[in-house]
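Working notes, structure below.
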Amino acid sequence: MDWQPDEQGLQQVLQLLKDSQSPNTATQRIVQDKLKQLNQFPDFNNYLIFVLTRLKSEDEPTRSLSGLILKNNVKAHYQSFPPPVADFIKQECLNNIGDASSLIRATIGILITTIASKGELQMWPELLPQLCNLLNSEDYNTCEGAFGALQKICEDSSELLDSDALNRPLNIMIPKFLQFFKHCSPKIRSHAIACVNQFIMDRAQALMDNIDTFIEHLFALAVDDDPEVRKNVCRALVMLLEVRIDRLIPHMHSIIQYMLQRTQDHDENVALEACEFWLTLAEQPICKEVLASHLVQLIPILVNGMKYSEIDIILLKGDVEEDEAVPDSEQDIKPRFHKSRTVTLPHEAERPDGSEDAEDDDDDDALSDWNLRKCSAAALDVLANVFREELLPHLLPLLKGLLFHPEWVVKESGILVLGAIAEGCMQGMVPYLPELIPHLIQCLSDKKALVRSIACWTLSRYAHWVVSQPPDMHLKPLMTELLKRILDGNKRVQEAACSAFATLEEEACTELVPYLSYILDTLVFAFGKYQHKNLLILYDAIGTLADSVGHHLNQPEYIQKLMPPLIQKWNELKDEDKDLFPLLECLSSVATALQSGFLPYCEPVYQRCVTLVQKTLAQAMMYTQHPEQYEAPDKDFMIVALDLLSGLAEGLGGHVEQLVARSNIMTLLFQCMQDSMPEVRQSSFALLGDLTKACFIHVKPCIGTTLLTPAGPPFISVCNNATWAIGEICMQMGAEMQPYVQMVLNNLVEIINRPNTPKTLLENTAITIGRLGYVCPQEVAPMLQQFIRPWCTSLRNIRDNEEKDSAFRGICMMIGVNPGGVVQDFIFFCDAVASWVSPKDDLRDMFYKILHGFKDQVGEDNWQQFSEQFPPLLKERLAAFYGVSVCVVVGGITGECAASRSRCALVEGG
C-alpha cells in the first residue's frame, strides 16, 4: 500500500521546515527541540521524503531542506528505521531522481549515496542496475539525475564497487560510462568522465581492461567547449600520468602541447587542473627527457600564472596598506600543534635544511585555498629541482623585465619567481646574487605591502648564501631592513618579516651576536604592537633566536630587555589558553639558552608546568572513570609543559635540583610514561633523560620501575627518547646498572639490527649500547658480534661529542673483554674509528692499542691483504692518526679476508 500523509501532520512538518529557515537563534533552538521530538515517530521520515519528492507545490528550498534533514537522520540512525519506512524512502528516491528541478535531483542524489554508504549497497541490490538503466532514458532530467547519483556513489564507495562483495559491478559500469563521453549534453559528458576518474588511482581492473578506449575518448574530448568537461579531462590525464604513464608515453608530445594550452585556459579552474600536470610530471623519471624541449614554452606560461589575479588582490585586501590596529578575527588564526621533543645527535657538516618551506611557495595564508598562482609557483619550484641550471636560460631574460617592471603586480610575481627557483637553481644564481640581493632588500621598502611581504619570503630563501658572504656586505643590510619590516604597519608584512627573520636566525646563528641588542629592542617593541595572530609568530622568532645564539643571550642587559615582556604574557594567559603552546615552546628555548640567567624566573615557570601536568592527568583520570560527565582533556598542555621542564633541566642543570625536590614531578612523570598517548610518553622520556643529567639523586629511587622496555616500532619517537634516557641513566648508575642489563640489552640489539630503522633511533640505540658496555663491559661484551657492524655504521657520521666519546670507550672496553666479537667486522670498526676528528688522548690510545693489537695478531701478510680493501681516505687517516701502515694496492686485490665480504660506508664512496 502506498503510504499517504496525515494532512495535519504534513502542515506541522511544513511549518517546521519554514521555521528552520529563520535566522533567529531562539527559533532555531525551538526547531532543534521539535526535531528531536518528531524523530521519536518512525514515519516522520516518510513525511520528509514525501515533501522532497511529491510536494511539487512547495518552493524548492523547502523541499530540498526536507531532504537534507532526512539525510542527517539516515546518517544518525538509519539502522533503526522500520523496514517499510526504509523501503518507501528508497522507492521514492529512485522514482523521482528525474525531478524537473536540478536542486531536487542533487538532493535526492545525496540521499541515495548516504543510504548506500550505510552498508546498504549490498542490501539494495536493485540500486546500481536501476540507476544504470535510467541512464538510457530519453528524458534529460532522468539521465542527469541518475548520473549525478552515480557520481556521488563512485566518489564514496569506489573500493566496494571494485570488489567481489558486489559481484564487480564496475565490469558493466565502466564500459557504460565510456559510452556517454560522446553524449550531446556537456553536463552528462562531465558526469561520465568524473565517474571513471574515481577509479584511476586505485587501478580498478575494469578500467585497466578498457584503458586504451578511455584514453582515446579523453583525447576526443580535449577541445570540448565546456570548461567542466575540459577540467575533468585534465584531471584524468594528471592521474594517468601517475598510474599508467606507460600508456601516455607514445602520445607524450601531444599531451604536453595540450597541457600548455590548457594551463592558459581562460577558465581558472581548468588552468589549475592543467597546471597540476607539471607538478606530477616533475616526479616522473622521464620528466627531463620529455620536457626539456618544451621548457621554452612552459616557463613563460608558469611565470605568467604567478601573478595575483584581481580576485586574489580583493580577497587579500591588497589595497589596504596599514591594518596593524585592526584586531584579528579568531578564524584567521590557524590552530597550532605542538611537536613533541625528539632527542637527536649532531651530524657532521649539518646545516638547517631550508627545503621544508619549498612547499609553501608564497605567503598567501589568507588564500589558503590552492590556486593557479600557488600551483604555478610550486611547479616552477619542483622543475627547478629537476632541471637545475638548465632552467635559467629560459628564465633570466624574463626575470629582468619582471623585477624592474613599473606595475607592482608584475614586479611582485618576479620576486616570487626568484624565490621559487632558489632551492633548485642556487648554483646558477650565485653570479647574479651580488646584484639581486641589494635590489630585493630595496623592495622591502616598496610602497605596496604585497611587494614587501613577498620580498621577505624570497630573501629568506637566499639566507644561506647571504650568511656565507662577509657580514657587512649583505647580512647587515638585510637584517636591518627585515627588523624594520617586523615593525611594519601592515600585518601581512609583519608576519612575512617575522618568518623570514626566523629563517635568517637559523642560518646565521652566532653571526647575529654583535647585533643582539638591536634585534631584541625590535622584537620586544613588536610585543606591544602586534595583534593576536602575529604574536604567535613573534614567539617563534624569539625562540629561534635563543636556539641560534645560545649562551650568548645570557647577558644581564639582554635578559633585562627580553624577560619582562615574556613573563608579562605568561602571567596574562590562563592555564586553558592555547596561546600557552607557542609561549611555552619559546620559553623552553630561552631557558636552555640563558642557563643560570633564567634562575630568577624559573620558580613560577617550573611550578606552573607541574600544575599543568597534574591538572591534565587529573582530568584524564576523571574522563576515564566518567566519560559521560567529563570531557577528554587536551593533552597538548601536558606535552608542552613536559618539554618546557626539559628545557629548564637542560638550561639550569644542577640548579633545577631544589625545584624538583620541592615538587611531586617524579610521581607525575611515572604516570606520564605510561600514558596512552604516544606524544606524552615521548616527551616524558625526554624529560627523564634531562632530569637524569641534571639531578640524578631524585631519579635514582625510581629506576627499578622506570626502566620500562623501550616501546617498539609503532611509535619510533617514544622508543628513541626512551633509549636515549637509558643511556643517560647508565652514565649515572655506573656498575649498579648490572641488574638491569639483560632487561634492556636484548631490545636494543633487536632494534639496531631491524631493517628500515630510522637513522635517529639507530644512532641513539648505538650510543646507549656503547654506554651500557662502558659501565658493564663483562655483561654486554658476549653479544658484541650481534651488533658491532650496525653499531659502527650508525655512528660514523656523528660529530665528536661527549655521547660519542662514552659510547666508543664502551666499545673499546667490550673489545678488550671479547676481541673475537669484532674480528668478522673489523673493517667497520676501522672505518668508525677514522670518523673521529679529534678524540681525547686516552681514547686515541685505546683505538691505537686495538688497531695495532689486531695487526700484530693476524701477522704482517694477512694485515696487508686485509688492508688492501680499505679505500684511500681510510688508509690515509689510519696511517696519519694511528701509525697503522697499510699497503698500497698494485695490480688489483690479491686476497680476501672475512671482513671484506661486505663493504663499509667509506668503501662505498664515503
Side-chain angles (χ1 to χ4, degrees), residues 341 343-357 426 433 437 441 456 459-486 497-526 537-563 566 585-599 646-648 650-653 690 797-804 837-838:
R341 180 179 167 91
V343 185
T344 54
L345 297 165
H347 289 75
E348 284 306 330
E350 198 176 59
R351 76 172 189 85
D353 176 17
S355 59
E356 70 233 29
D357 44 18
M426 182 59 86
L433 292 180
I437 296 296
I441 293 174
C456 290
L459 280 159
S460 75
R461 302 269 286 172
Y462 290 95
H464 185 65
W465 181 83
V466 166
V467 170
S468 70
Q469 305 300 300
D472 283 352
M473 279 185 72
H474 303 294
L475 177 61
K476 207 170 160 188
L478 171 58
M479 190 188 63
T480 311
E481 282 305 312
L482 268 184
L483 288 171
K484 285 184 196 164
R485 292 293 63 85
I486 284 176
C498 252
S499 299
F501 197 72
T503 305
L504 187 65
E505 289 168 342
E506 286 174 345
E507 291 288 356
C509 293
T510 48
E511 296 271 349
L512 296 178
V513 171
Y515 316 109
L516 267 176
S517 185
Y518 180 38
I519 293 171
L520 287 171
D521 284 340
T522 305
L523 296 178
V524 167
F525 191 78
I537 296 161
L538 183 62
Y539 294 145
D540 184 49
I542 291 171
T544 308
L545 179 69
D547 293 338
S548 303
V549 299
H551 65 89
H552 296 284
L553 202 54
N554 188 6
Q555 297 290 334
E557 67 156 315
Y558 300 154
I559 296 173
Q560 210 29 60
K561 287 177 197 280
L562 180 61
M563 287 311 295
L566 282 176
E585 286 169 16
C586 169
L587 279 172
S588 180
S589 297
V590 170
T592 309
L594 289 185
Q595 298 170 351
S596 59
F598 198 76
L599 273 174
S646 276
L648 288 174
E650 196 180 328
L652 299 174
D690 284 316
N797 293 320
I798 298 295
R799 215 183 288 163
D800 295 6
N801 66 11
E802 284 303 316
E803 291 171 323
K804 183 173 175 178
V837 179
S838 48

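- Looking at Leu594 and Met563, their side chains come closer than 4.5 Å, going by heavy atoms from C-beta outward.
- Contact check for Val466 versus Leu433: no side-chain heavy atoms found under the 4.5 Å cut-off.
- A pairwise comparison of heavy atoms in Leu512 and Ala508 identifies CG-CB, 3.8 Å as the closest pair.
- Heavy atoms of other residues, nucleotides or ligands lying less than 6.0 angstrom from CD of Gln560 number 12 at most.
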Query raised in the report: Can you list the steps and then say if Leu545 with Leu516 is a side-chain contact (heavy atoms from CB on, under 4.5 Å)?
Result: CA-CA 9 Å; Leu545 179 69; Leu516 267 176; 4.1 Å; yes

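- From Glu505, atom CD reaches atom CD1 of Ile519 across 6.5 Å, with rounding to the nearest 0.5 Å.
- Contact detail for Pro471 and Tyr515: the closest heavy-atom pair is CB-OH, 4.1 Å.
- Crowding of Tyr518 atom OH: a count of heavy atoms from other residues, nucleotides or ligands under 6.0 Å exceeding 12.
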Show me the donor-acceptor pairs, under 3.5 Å and distance only, between side chains in residues 475-482 and residues at least two apart or in other chains.
{"residue": "Thr480", "atom": "OG1", "partner": "Lys476", "partner atom": "O", "Å": "2.6"}
{"residue": "Glu481", "atom": "OE2", "partner": "Lys484", "partner atom": "NZ", "Å": "2.9"}

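- With values rounded to the nearest 0.5 angstrom, Phe525 atom CZ is found 13.0 Å from Leu483 atom CG.
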Query raised in the report: Under the side-chain contact (heavy atoms from CB on, under 4.5 Å) criterion, do Ser460 and Leu504 qualify, and how do the steps go?
Result: CA-CA 6 Å; Ser460 75; Leu504 187 65; over 6 Å; no

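- Taking 4.5 Å as the limit, some side-chain heavy atom of Ile537 sits within range of a side-chain heavy atom of Ser499.
- Two residues are said to be in side-chain contact when any heavy atoms from C-beta on lie closer than 4.5 Å; Gln595 and His551 meet this criterion.
- Taking each heavy atom of Asn801 and Lys804 in turn, the nearest pair found is OD1-N, 2.8 Å.
- With hydrogens and angles left out, the side-chain atoms of His474 and Gln469 include no donor and acceptor closer than 3.5 Å.
- Contact of the Ser838 side chain with the Asp800 side chain is registered, since non-hydrogen atoms from C-beta on lie closer than 4.5 Å.
- When each of Asp540, Thr544, Asp547 is checked for a side chain to side chain donor-acceptor pair (under 3.5 Å) with Ser589, only Asp547 meets the rule.
- When side chains are defined from C-beta on, Ser468 counts as touching Trp465, because their heavy atoms get closer than 4.5 Å.
- Residues Ser548 and Glu507 have side chains not in contact (no heavy-atom distance under 4.5 Å, counting atoms from C-beta outward).
- Nearest heavy-atom pair, Leu648 versus Ala591, reported as atom, atom and distance to 0.1 Å: CD2-CB, 3.8 Å.
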Query - Audit row: Arg485, Cys498, side-chain contact (heavy atoms from CB on, under 4.5 Å) steps and yes/no - result: CA-CA 8 Å; Arg485 292 293 63 85; Cys498 252; over 6 Å; no

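- Interatomic distance, CE of Met426 versus CZ of Arg461, reported as 8.5 Å (0.5 Å rounding).
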Query raised in the report: After noting the C-alpha distance and the side-chain angles of Leu520 and Leu553, does the key distance pass the side-chain contact (heavy atoms from CB on, under 4.5 Å) rule?
Result: CA-CA 10 Å; Leu520 287 171; Leu553 202 54; 4.1 Å; yes

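- Taking every heavy atom of both residues into account, Ala593 and Ala546 meet most closely at CB-O, 3.6 Å.
- Residues Leu587 and Phe598 are in side-chain contact: their nearest non-hydrogen atoms beyond the backbone lie under 4.5 Å apart.
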